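To start, the structure under review is shown below, and the notes come after it.
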Amino acid sequence: MTVRTRFAPSPTGYLHVGGVRTALFSWLYARKHGGQFILRIEDTDRKRSTQASVDAILEGMAWLGLQADEGPFYQTQRFERYQQVIKQLLSEEKAYYCHCSKERLEQLRVGQMASKQKPRYDGKCRELSPSSDKTGVIRFKNPKIGQVVVKDLIKGNITFNNSELDDLIIARADGTPTYHLTVVVDDWDMRISHVIRGDDHLNNTPRQINLLQALGATVPQYAHLSMILGSDGQRLSKRHGAVSVMNYKEEGYLPEALLNYLVRLGWSHGDQEIFSLEEMITLFDFNAIHGSPAAFNIDKLLWLNQHYIKTGKPEEIAAQLPIQADPLGPTLADIVTIQAERAKTLKELVHNSQYFLGTPLEYDNKAVRKHLKPAILIPLTTLCQQLEALSNWNAETIHTTIQVVAQQYELKLGKIAQPLRVAITGGAVSPPIDATSYLIGQPRTIERLKRAIEIIEHAE
RNA sequence: GUCCCCAUCGUCUAGAGGCCUAGGACACCACCCUUUCAAGGUGGCGACACGGGUUCGACUCCCGUUGGGGACGCCA
């Protein structure tokens, strides 16, 4: 049997990390078994579906590299097929028109809740003879007795009593099909072998199995993933910060870091933490998935992100930076190389690298006051002259020069390195000063050093 | 409220009855390294929710309690 999985989001908002994880697991499983991964847009709710959301989903999937083998398919383009199925169900008396008003339904619900019952449709119109009155919604005749066993690859066998289920609506009063009908038809038509989705759908599954069986369709395998929670143990929402995947891109996360983080949320392979895409594909399996909800932990994502910034090819990381290199300064790849171990995100890396980018230096007043003092004026002036005289500008010669000047004035290396650092970067923090000077370049280093000397003289 | 799922360090997890003095990772703390900040190294802190069974023996199996999550739409 060929493995065919699908990711079927509804375009009613951004693509969030929970959705990405189900997409990733579906994608991995298909890849692992040489099958197909299908993207399907469930846009039957025309009131809430938007093109912007569709774009967000496509953009997010593309950014993460979760390529679909088939699709995207749009349910709104398959209405004819759904109508055909509904008609068939009606003619076989497996479905019926329901004329109950929303008011009656609401009353029913309230009453059931009050008497500590599970709210559900009471089947009032179910036994009406198939009249000519073809108005109202269409409901599926769910079996009244017996049970449905959901064989879940993650949670095991789960038994539901049909008496718990009611007759769900498969077509709205305006004739459009609803979710339950469309998923079932699509999973059937698209020959989906494994339905991998969030466990918020677990309760829907027995209903869908009943529908599938009424249609004479084969029932796919199911795998229900637990939800992702926020750091407070509540379901992940906007309150917990970035929810849209594209937010993560904007915040400077690498796709491989997000994917690696997400794959470890609920799934594991011994003690391994770092997984390349290839490893994920070969190692991934349902039997190693945890059934319990997992809390999203940004610190671990940050750690992984830095790991990938540090270990990735500088050129490739550089290509993802939202900035341009200064023609007179270092290449972005050089900046990445030197900054990787002190940046957890691309955004942070850029923020820490302003002095490489040719923009006017911003001085950190506190650092200036602390390190650009009159006492250092003479040594710094000497250093400036020595550096200006350097004919072979590289980290090693710069380092030697600093050392010589430090010895000359009997200063510890740090006593001269910090003033130099403030002079050429504007602040007290940067990569090693010799390598930093080298990247900034001789002309700019000298220029900034002279400026710093002026600042000291001015303060006197 | 009813039904469903779940339950190991703060967080993600390892653990398929004796391998457990419960392992790893993130975070946190200390020390080392060091021209700043990092990165790195070493060490530390820290958990089997509770109560009953089953068993010679339970983190592991069963039941219950508690707790958390989900579902109960003419949303998906």
Side-chain angles (χ1 to χ4, degrees), chain A residues 8-12 42-45 47-49 75 98 100 102 105-106 109 112-120 136-139 150 152 154-156 158-161 163-166 168-174 176 178-180 182-183 197-206 224 226-227 229 231 233-235 261 264-274 287-288 290-304 306 310 339-344 352 367 371 399 402-403 406 412-418 420-422 425 427-434 436:
Chain A
S10 62
T12 53
E42 310 217 322
D43 54 354
T44 52
D45 183 354
K47 287 190 201 78
R48 298 199 307 154
S49 299
Q75 293 189 321
C98 169
C100 293
K102 287 187 181 178
L105 261 21
E106 183 54 30
R109 197 173 0 252
Q112 284 164 332
M113 288 286 255
S115 58
K116 306 191 171 193
Q117 295 246 298
K118 186 179 191 170
R120 62 242 236 222
V137 301
I138 299 169
R139 290 183 185 270
V150 176
D152 192 89
I154 294 169
K155 315 242 186 210
I158 306 158
T159 305
F160 292 85
N161 285 314
S163 57
E164 290 291 333
L165 278 24
D166 62 0
L168 64 273
I169 294 172
I170 55 174
R172 303 183 181 90
D174 66 5
T176 58
T178 64
Y179 163 74
H180 286 288
T182 58
V183 246
R197 59 186 6 172
D199 75 2
D200 48 340
H201 284 292
L202 193 49
N203 290 286
N204 292 332
T205 308
H224 286 94
S226 56
M227 303 275 89
L229 274 21
S231 48
Q234 294 296 113
R235 191 177 185 168
Y261 177 72
R264 281 285 289 105
L265 220 49
W267 175 82
S268 62
H269 182 257
D271 287 339
Q272 189 170 344
E273 296 288 350
I274 307 293
N287 59 22
H290 228 244
S292 52
F296 192 88
N297 179 226
I298 199 78
D299 282 327
K300 191 152 186 179
L301 207 211
L302 282 166
W303 173 74
L304 279 164
Q306 179 165 45
K310 281 193 300 186
Q339 293 283 40
E341 63 192 32
R342 66 208 93 230
K344 291 186 186 300
N352 293 343
H371 297 291
H399 187 249
I402 298 170
Q403 239 172 358
K412 289 217 281 195
L413 204 52
K415 288 291 175 193
I416 186 88
Q418 275 306 83
L420 172 60
R421 174 170 282 115
V422 176
T425 70
V429 174
S430 88
I433 195 62
D434 43 10
T436 303

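As the structure is a prediction and not an experimental result, all values here were calculated from the model.
- The minimum heavy-atom distance between A:Thr178 and A:Ala171, with the atom names listed, is CG2-N, 4.2 Å.
- Under 4.0 angstrom from either OP1 or OP2 of B:C74 there lies no side-chain N or O belonging to A:Lys47.
- When the nucleotides B:U36, B:G73, B:A76 are ranked by their closest atom to the side chain of A:Pro432, B:U36 comes out on top.
- A:Gln234 has a side-chain polar atom (N or O) that falls below the 4.0 Å cut-off from OP1 or OP2 of B:G69.
- Listed nucleotides: B:A39, B:G1, B:A76. Nearest to the side chain of A:Met113: B:G1.
- The 5' end of RNA chain B is approached more closely, in terms of each residue's nearest nucleotide, by A:Lys116 than by the other of A:Lys116 and A:His180.
- The side chain of A:Ile158 lies closest to B:C5, out of B:G69, B:A71, B:C5.
- Taking 4.0 angstrom as the limit, A:Lys344 places none of its side-chain polar atoms (N or O) nearer than this to OP1 or OP2 of B:A38.
- Distances were taken from every side-chain heavy atom of A:Glu164 (C-beta onward) to each of B:C3, B:C74, B:A76; the shortest belongs to B:C3.
- Taking side-chain N and O atoms only, A:Arg109 has a distance below 4.0 Å to OP1 or OP2 of B:G73.
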Summarise protein proximity over nucleotides 60-66 of chain B in one line of letters, 5' to 3': B for base, S for sugar-phosphate only, - for none, counting protein heavy atoms closer than 4.0 Å.
-------
Show your reasoning for whether side-chain contact (heavy atoms from CB on, under 4.5 Å) applies to A:Arg264 and A:Leu304.
CA-CA 11 Å; A:Arg264 281 285 289 105; A:Leu304 279 164; over 6 Å; no
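- Closest approach to the A:Val137 side chain among B:U35, B:A76, B:C74 is made by B:C74 (side chain taken as heavy atoms from C-beta onward).
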List, with names and distances, any nitrogen or oxygen atoms from the protein found under 3.5 Å away from nitrogen or oxygen atoms belonging to nucleotides 42-47 of chain B.
none

How does protein reach along nucleotides 12-26 of chain B, written 5' to 3' as B (base within reach of a heavy atom under 4.0 Å), S (only sugar-phosphate), or - (no contact)?
BSS--------BBBS
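- At the phosphate of B:A76, OP1 or OP2 sits under 4.0 Å from a side-chain N or O atom of A:Thr44.
- Counting heavy atoms of neighbouring residues, nucleotides and ligands inside a 6.0 Å radius, atom NE2 of A:His180 exceeds 12 of them.
- Here B:U35 is the nucleotide among B:U35, B:A76, B:G70 with the atom lying nearest to any side-chain atom of A:His399.
- Minimum atom distance to the side chain of A:Leu202 is reached by B:C4, of the listed B:C4, B:U35, B:A39.
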